[in-house]
2 protein chains.
Amino acid sequence: MMDAESVHGKLKDFEDACRKANLKITHQRLEIFRELAKALDHPSAETLYMRLHKKLPTLSLDTVYRTLTTFEDFGMISRVETVKSQARFEAEMSEHHHLICSKCGKITDFEWTSFREVDLPNEIDHWGSVNKKNVIVRGICNKCSSLEQG
Amino acid sequence: MMDAESVHGKLKDFEDACRKANLKITHQRLEIFRELAKALDHPSAETLYMRLHKKLPTLSLDTVYRTLTTFEDFGMISRVETVKSQARFEAEMSEHHHLICSKCGKITDFEWTSFREVDLPNEIDHWGSVNKKNVIVRGICNKCSSLEQG
DNA sequence: CTAAATGCAAAATTTTTGCAGTCCC
DNA sequence: GGGACTGCAAAAATTTTGCATTTAG
């Protein structure tokens, strides 16, 4: 998945996406994207910045932040397991899952008891022992889509 | 789910959990927990702080942070859709899911193509339109559990 | 050439910490 | 009473912004 071939393909796609989005293909953007594409560990902005420092000593951390945000806005990369900015909490400890509206960011709980019975792929046994599995559904809530129409 | 009855039950459980964990049941802790238990919107520390301000004018934001972290450490509440502190990114845009080790925090990708065919509960139709669904599996990776043994 | 992107510095936001006083058990 | 907890203030960590300069197309 992270072999040179695949990274190369992603870079190709990346350049196409930039052209389509009218984003300039700068040295920094190319290197930031390449570094993320070959990473196995879902790095943070700061981590990417440090990894790129040898190759691009003049690169600044704020450019990494700005660039990642731009890439995310254009759907070229994803932000992982995060609701923007602040940490969010819940006291509901029974098994449940989340609906997240991509428009308004609202998180709604839902129940799906039969999901407990669904078996995960066997390969996961090689990873370790599983405690729980949760589903995150993303889409547009009715409120937001009716606002868009109206 | 968030009716007075259920909040009351959670408060009862909360007090028991505090006693079991040797945590003192302070006024602030009770109110912070109550506020979170009755919330429908997975609030942030800052949001809880603002909501509690009328009732507890002397409550400080850092107490809210400290308290939520304590509750989380003792498994009384959950942090939602978040990997601690920094935002994390990935360039893998094809459908995949995540394994997260609760010990070391490492995030590993896995494929589960047949999950696409699994139907979500029908009630979700009332929520809005779904774009994608992802699974987050939490547990302990082999590396961490062997370290624990050794 | 020109609009967009970068780097720098500084600010804003979010979270954590040290310490003195307070409160639960 | 004593250790745990809180509030305050200050610091640390993370992310964003304004502006002058540079660069891709």
Side-chain angles (χ1 to χ4, degrees), chain A residues 11 14-36 42-53 55-74 76-77 79-89 105, chain B residues 11 14-36 42-53 55-74 76-77 79-89 105:
Chain A
L11 274 170
F14 165 74
E15 295 191 23
D16 289 347
C18 281
R19 274 186 276 269
K20 213 168 288 174
N22 274 316
L23 290 178
K24 292 185 175 168
I25 300 170
T26 65
H27 188 191
Q28 291 90 332
R29 282 181 176 165
L30 262 171
E31 292 303 334
I32 291 170
F33 187 88
R34 189 206 312 277
E35 196 66 38
L36 183 58
H42 311 80
S44 66
E46 181 117 32
T47 302
L48 285 171
Y49 170 67
M50 291 188 298
R51 288 185 191 164
L52 286 164
H53 194 256
K55 215 184 237 182
L56 297 177
T58 70
L59 177 69
S60 65
L61 179 57
D62 52 276
T63 296
V64 179
Y65 272 106
R66 257 189 288 230
T67 302
L68 290 172
T69 303
T70 304
F71 290 171
E72 192 195 8
D73 289 346
F74 285 94
M76 300 167 180
I77 66 168
R79 198 174 282 254
V80 175
E81 276 41 291
T82 313
V83 191
K84 264 205 173 168
S85 313
Q86 295 180 317
R88 305 273 292 267
F89 300 87
Chain B
L11 274 170
F14 166 72
E15 294 190 23
D16 289 346
C18 281
R19 274 186 276 271
K20 213 168 288 177
N22 273 315
L23 289 178
K24 292 188 173 164
I25 301 170
T26 65
H27 189 191
Q28 291 90 333
R29 282 181 176 165
L30 262 172
E31 292 302 335
I32 292 170
F33 187 87
R34 189 206 312 279
E35 196 65 38
L36 184 59
H42 311 79
S44 66
E46 181 117 30
T47 301
L48 285 171
Y49 170 67
M50 291 187 300
R51 288 187 189 161
L52 286 164
H53 194 256
K55 215 185 239 184
L56 297 177
T58 69
L59 177 69
S60 66
L61 178 57
D62 51 277
T63 295
V64 179
Y65 271 105
R66 256 190 288 230
T67 303
L68 291 172
T69 302
T70 304
F71 290 172
E72 192 195 7
D73 289 346
F74 285 94
M76 301 167 180
I77 66 168
R79 197 175 284 255
V80 176
E81 277 38 293
T82 314
V83 191
K84 264 205 170 167
S85 308
Q86 294 180 317
R88 305 273 292 268
F89 301 86

(request) Quick one: do B/L36 and B/F71 satisfy side chain to side chain contact (heavy atoms under 4.5 Å, CB included)? Show the steps, please. (result) CA-CA 11 Å; B/L36 184 59; B/F71 290 172; 5.8 Å; no

(request) By nearest nucleotide on DNA chain D, pick out whichever of B/T58 and A/L23 is the more 5' one. (result)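 Its nucleotide being nearer the 5' end, the pick is B/T58.
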
(request) Would you mind classifying the nucleic acid contact of B/L59 as base, sugar-phosphate or nothing, using non-hydrogen atoms under 4.0 angstrom? (result)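 Touches sugar-phosphate only.
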
(request) Quick one: label A/T26 by what it contacts on the DNA or RNA (base, sugar-phosphate, nothing), any heavy atom closer than 4.0 Å. (result) sugar-phosphate

(message) Can you tell me which nucleotide in C/dT17, D/dT14, D/dT17 comes closest to the side chain of B/D62?
(response) C/dT17

(request) Could you please name the option among D/dG25, D/dT17, D/dT15 that lies closest to any side-chain atom of A/R66? (result)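 Shortest atom-to-atom distance from the side chain points to D/dT17.
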
Atom-to-atom span, [atom1] of [X] to [atom2] of [N] - whole angstrom:
{"X": "B/E31", "N": "D/dT6", "atom1": "CD", "atom2": "P", "result": "12 Å"}
{"X": "B/L48", "N": "C/dT14", "atom1": "CG", "atom2": "C1'", "result": "15 Å"}
{"X": "A/L68", "N": "D/dT14", "atom1": "CG", "atom2": "P", "result": "15 Å"}
{"X": "B/H27", "N": "D/dT6", "atom1": "NE2", "atom2": "P", "result": "11 Å"}
{"X": "B/L61", "N": "D/dA10", "atom1": "CG", "atom2": "P", "result": "16 Å"}
{"X": "A/E46", "N": "D/dT16", "atom1": "CD", "atom2": "P", "result": "13 Å"}
{"X": "A/R29", "N": "C/dA5", "atom1": "CZ", "atom2": "C1'", "result": "6 Å"}
{"X": "B/Y65", "N": "D/dA10", "atom1": "OH", "atom2": "P", "result": "19 Å"}

(message) Under 4.0 Å from OP1 or OP2 of D/dT23: is there any side-chain N or O of A/Q28 that close?
(response)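 For A/Q28, the contact criterion (side-chain N or O under 4.0 Å from OP1 or OP2 of D/dT23) is not met.
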
(message) For a quick test of reading the model: is some side-chain N or O of B/S60 closer than 4.0 Å to OP1 or OP2 of D/dT6?
(response)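 No, B/S60 has no side-chain N/O under 4.0 Å of OP1/OP2 on D/dT6.
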
(message) Looking at A/K20 and A/D16, is any side-chain nitrogen of the basic one under 4.0 Å from a carboxylate oxygen of the acidic one?
(response)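 Looking at A/K20 together with A/D16, the answer is no, because their closest N to O distance does not fall below 4.0 Å.
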
(request) Take B/K24 and A/T67, find for each the nucleotide of DNA chain C with the closest heavy atom, and name the residue whose nucleotide sits nearer the 5' end. (result)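 Going by which nucleotide is closer to the 5' end, it is A/T67.
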
(request) Establish whether the base of D/dG25 is bridged to the side chain of A/R19 by a donor-acceptor pair shorter than 3.5 Å. (result) no

(message) With a 3.5 Å distance limit and no angle check, can you tell me whether B/R88 reaches the backbone of A/H42 through a side-chain donor-acceptor pair?
(response) yes

(request) State, yes or no, whether a side-chain contact exists between A/Y49 and A/T63 at a heavy-atom distance under 4.5 Å. (result)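 No; the side chains remain at least 4.5 Å from each other.
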
(request) Go through the steps for A/R79 and A/E72 under the test salt bridge (Lys or Arg N to Asp or Glu O under 4.0 Å), then give the verdict. (result) CA-CA 7 Å; A/R79 198 174 282 254; A/E72 192 195 8; 3.0 Å; yes

